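One-based numbering along the sequence shown. All values derive from a computational prediction rather than experimental measurement. Computed over heavy atoms, backbone and side chain alike; hydrogens, waters and symmetry mates excluded.
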Amino acid sequence: ASLSRYAFSIVAANAGWVTEVEAEDWAAGIAIPSVATQAISMLPAEKQFAARIYVRSQLVVHRNDKLVLAMKAILQLTDETVDAVFGL
């Protein structure tokens, strides 16, 4: 399953994963939500720059994307909660 970054930003905000302001900035590709920044900070330093560019530019967010899985762990979400965001 996948959603456009636009749609994912909205449902993530509605689900409380990110704030509305973070969702707006993320959808526009101008900022990364704090939970995603936290996930990126767990990567090796040499991979963080590419990850930030990826998050700001990705057009589609997949259910099993590494970022989604990291957000799931950080926010302590269940599989069912994540699936619901993706309409599964």
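- Between the Arg5 side chain and the Leu59 main chain, no donor and acceptor come within less than 3.5 Å of each other.
- In terms of heavy atoms, Ser9 sits closest to Ala23 at O-CB, 3.3 Å.
- Hydrophobic clustering of Ile, Leu, Val, Met, Phe, Trp and Tyr side chains at less than 4.5 Å, counting indirect connections, unites Leu67 with Val18.
- Cluster membership check: Leu3 shares its hydrophobic cluster with Leu75, using side-chain heavy-atom separations under 4.5 Å among Ile, Leu, Val, Met, Phe, Trp and Tyr.
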Please set out all donor-acceptor pairs under 3.5 angstrom arising from side-chain atoms of residues 26-43, sequence neighbours excluded.
{"from": "Trp26", "atom 1": "NE1", "to": "Val55", "atom 2": "O", "distance (Å)": "3.4"}
{"from": "Ser34", "atom 1": "OG", "to": "Glu22", "atom 2": "OE2", "distance (Å)": "3.0"}
{"from": "Thr37", "atom 1": "OG1", "to": "Pro33", "atom 2": "O", "distance (Å)": "3.2"}
{"from": "Ser41", "atom 1": "OG", "to": "Gln38", "atom 2": "O", "distance (Å)": "2.6"}

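- Put simply, the side chain of Leu77 reaches to within 4.5 Å of the side chain of Trp17, judged on heavy atoms.
- Within the 4.5 Å cutoff, the side chain of Val60 has heavy atoms near those of the His62 side chain.
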Quiz prompt | Residues Lys72, Asp83; criterion salt bridge (Lys or Arg N to Asp or Glu O under 4.0 Å); working and verdict | solution = CA-CA 11 Å; Lys72 175 185 173 231; Asp83 288 346; over 6 Å; no
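- Both Tyr54 and Met71 are assigned to one and the same hydrophobic cluster, defined by single-linkage of ILVMFWY side chains at heavy-atom distances under 4.5 Å.
- With rounding to the nearest 0.5 Å, the separation of CD in Glu24 from OH in Tyr6 is 11.5 Å.
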Practice problem: Start with the C-alpha distance between Gln58 and Ile53, add both sets of side-chain angles, then the distance that settles side chain to side chain contact (heavy atoms under 4.5 Å, CB included), and finish with yes or no. | Solution: CA-CA 8 Å; Gln58 72 186 117; Ile53 297 298; over 6 Å; no
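- Inter-residue side-chain proximity for Phe86 and Val68 is flagged as met; some heavy-atom pair is nearer than 4.5 Å.
- Inter-residue side-chain proximity for Glu20 and Asp25 is flagged as unmet; no heavy-atom pair is nearer than 4.5 Å.
- Other residues, nucleotides and ligands contribute only 12 or fewer heavy atoms inside 6.0 Å of the CD atom of Gln76.
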